[in-house]
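Throughout, a chain's letter reflects where its sequence line sits, starting with A, and its residues are numbered from 1. Predicted, not measured: the structure shown is a model, and the values here were computed from it.
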Amino acid sequence: MKPSAIKKVSIVVSKGSLDGVYPGLIMANGARMEGIEANLFFTFFGLYSVLKDYQDKIRIATVGNPAMRVPTAKGFPLPTLLGALPGMSAFATKMMMKEMDNLDIPPVGEFIEMISDAGGKLYACKATVDMFHLESSDFVEQVDSIITVGDFYDMSAGGEIIFT
Amino acid sequence: MPTQTILDQEITFDDEGFMTDHTQWSPELAHELAKANGIDALNDRHFLVLDYMRKTFIETGSGPTIRRLTKQSGVPTKELYALFPGAPAKKAALIAGIKKPVGCI
């Protein structure tokens, strides 16, 4: 028997680096493209993806990332001390964003808009909002509401939960 | 490969229902394909999307990403999802007579 198709996904974005944010956004957008219901729940540093004035400053980590190679994915491993030089993270981010733009992967702000327009629902985690002393006006308009983990489980009922 | 006679024309499809030869396509055929895919009537906005998809496919060999489609065709994301409910890129490709879109965006 053919397994039944996925109808709904709830994706948790918990990290605030470029490689922490994009996989969740790509999966949410991809779900909508397939007609799958999609919820995005932003928690901890993942919240920066939906924070006004910060969402397009998300960067890739050039320190503490042993898989990071330069100048290409098959280049040499970037030594930690070089990765720590001022501007390295911004530079690596710029390079990667250029590659992503070639593939039509939008910047974070535009991507969030696209997912929301496609019918994806976006939520911010209450515990983090309180911990970071944020309020609803700090978030982009696409964020539906600030919810508790209990609310999150309620709205995830009957679907798959993906943690990134 | 499955074939089907639509409007007295023998049309070939792949296993997922995408037309294998885009030159067999015509606007009249699009109306029939739309009905088969749950869209009762196609309007000018549908055709704006279909024409852009076909143009990109003929030029590049694959359909556009949704981002490019919405930016260049002038049909915004929300409207695109309303015009082709469910899976817009796939559904529009089915009706535009082009291959299944590849790519993740």
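Residues A:V63 and A:V70 do not share a hydrophobic cluster, defined by chaining ILVMFWY side chains whose heavy atoms lie under 4.5 Å apart. When the side chains of ILVMFWY residues are joined at heavy-atom separations under 4.5 Å, either directly or via intervening members, A:I115 and A:I147 end up in two distinct hydrophobic clusters. Linking Ile, Leu, Val, Met, Phe, Trp and Tyr whenever their side-chain heavy atoms come within less than 4.5 Å puts A:L40 and A:I36 in one cluster. Both A:L51 and A:F45 are assigned to one and the same hydrophobic cluster, defined by single-linkage of ILVMFWY side chains at heavy-atom distances under 4.5 Å. If you chain together hydrophobic residues whose side chains sit under 4.5 Å apart, A:I162 and A:L25 fall into the same group.
Within the model, atoms CZ of A:R32 and CD1 of B:I66 stand 10.0 Å from one another, a figure rounded to the nearest 0.5 Å.
Within a 6.0 Å radius of CZ in B:F18, more than 12 heavy atoms belonging to other residues, nucleotides or ligands are found. Residue B:L7 qualifies as enclosed at atom CG: its count of foreign heavy atoms under 6.0 Å is above 12. Sparse packing is recorded around CE of A:M27, with 12 or fewer heavy atoms of other residues, nucleotides or ligands lying under 6.0 Å away. Within 6.0 Å of NZ on B:K78 lie no more than 12 heavy atoms contributed by other residues, nucleotides or ligands. A 6.0 Å sphere centred on OH of A:Y54 holds no more than 12 heavy atoms belonging to other residues, nucleotides or ligands.
The contact list for residues 90-114 of chain A toward chain B, using heavy atoms and a distance under 4.5 Å, reads A:D101, A:L103, A:D104, A:I105, A:P106, A:P107, A:E110, A:F111, A:M114 by residue number. Interface residues of residues 121-143 of chain A toward chain B, defined by a heavy-atom distance below 4.5 Å: none.
Side-chain contact between B:K90 and A:E34 is present, with at least one heavy-atom pair separated by less than 4.5 Å.
Of the atoms belonging to B:K71, it is side-chain heavy atoms, and not backbone ones, that fall under 4.5 Å from chain A.
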